[in-house]
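Note that the structure is predicted; figures quoted are calculated from it, not measured. Letters go in sequence order (proteins before strands), and every chain restarts at 1.
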Amino acid sequence: DQQVKQNSPSLSVQEGRISILNCDYTNSMFDYFLWYKKYPAEGPTFLISISSIKDKNEDGRFTVFLNKSAKHLSLHIVPSQPGDSAVYFCAASGRAGSYQLTFGKGTKLSVIP
Amino acid sequence: EPEVTQTPSHQVTQMGQEVILRCVPISNHLYFYWYRQILGQKVEFLVSFYNNEISEKSEIFDDQFSVERPDGSNFTLKIRSTKLEDSAMYFCASSERSPLTTDTQYFGPGTRLTVL
């Protein structure tokens, strides 16, 4: 039951270029979306979120875009830095009465110096 | 910066033994959660807790699992009789308000549970 899908298990990008991480969801009841970053042996660290009433949210080098009609969101990192190398998880919440986050499988980003 | 803490960082136990995983949520947060991640798999929701009772639980959270907030600061997950398939990273999270109002959950560093 993959309600949140991250179809690219890995992504390599040159330092300074844009990283684009993609996420698709199937449940139309989701109304809040989050991106988390995770280093090995650490917990997920919150990066940025977006509510379904918006289509874009920006925080420094990080921008999240939401396309509700396509049930698709993306995280843009510009410019990419070597310290951005980590696993990025997309998560969604908001099914009526539900508190849980539903996670994707993650995309491992490698930023090459 | 306030953070969620978890102890121990690694717990090794024999199958059939009881384990208690401990978490200290961020102090002004009211909602608490446990998630787990089996190696190579997704992070999965286990349970949410508010006002000293379970708000929601997944099908993973069976009778072998329990949670409590024994002293107003700690939040614990107990597995009564561990099985090999309980081996995973267990993450605690907390949030300030209900996620229904677009709140954000903040995660601890995790406890790696190894069941032998």
Between G106(A), G104(A), S52(A), which shows the greatest number of heavy-atom pairs under 4.5 Å with chain B?
-> G104(A)
Count the heavy atoms of every other residue, nucleotide or ligand shown that sit under 6.0 Å from CZ of R17(A), and state whether that count exceeds 12.
-> no
Segment of Q41(B) engaging chain A (4.5 angstrom heavy-atom cut-off) | neither
Under a 4.5 Å heavy-atom cut-off, does chain B meet the side chain of L34(A), its backbone, both or neither?
-> side chain
With no hydrogens and no angle check, do the side chains of S48(B) and Y31(B) hold a donor and an acceptor under 3.5 Å apart?
-> no
Give, as side chain, backbone, both or neither, the part of Y39(A) having an atom under 4.5 angstrom from any heavy atom of chain B.
-> neither
Check the angle between the aromatic planes of F45(B) and Y35(B) and answer parallel, tilted or perpendicular using the 30° and 60° thresholds.
-> perpendicular
Heavy-atom distance under 4.5 Å to chain B: side chain of A91(A), backbone, both or neither?
-> neither
Under 4.5 Å to a heavy atom of chain A? For Y50(B) that would be neither
Donor-acceptor pair between S80(A) and S19(A) side chains, under 3.5 angstrom = yes
For the residue pair H29(B) and Y106(B), categorise the inter-ring angle as parallel (less than 30°), tilted (30 to 60°) or perpendicular (more than 60°).
-> tilted
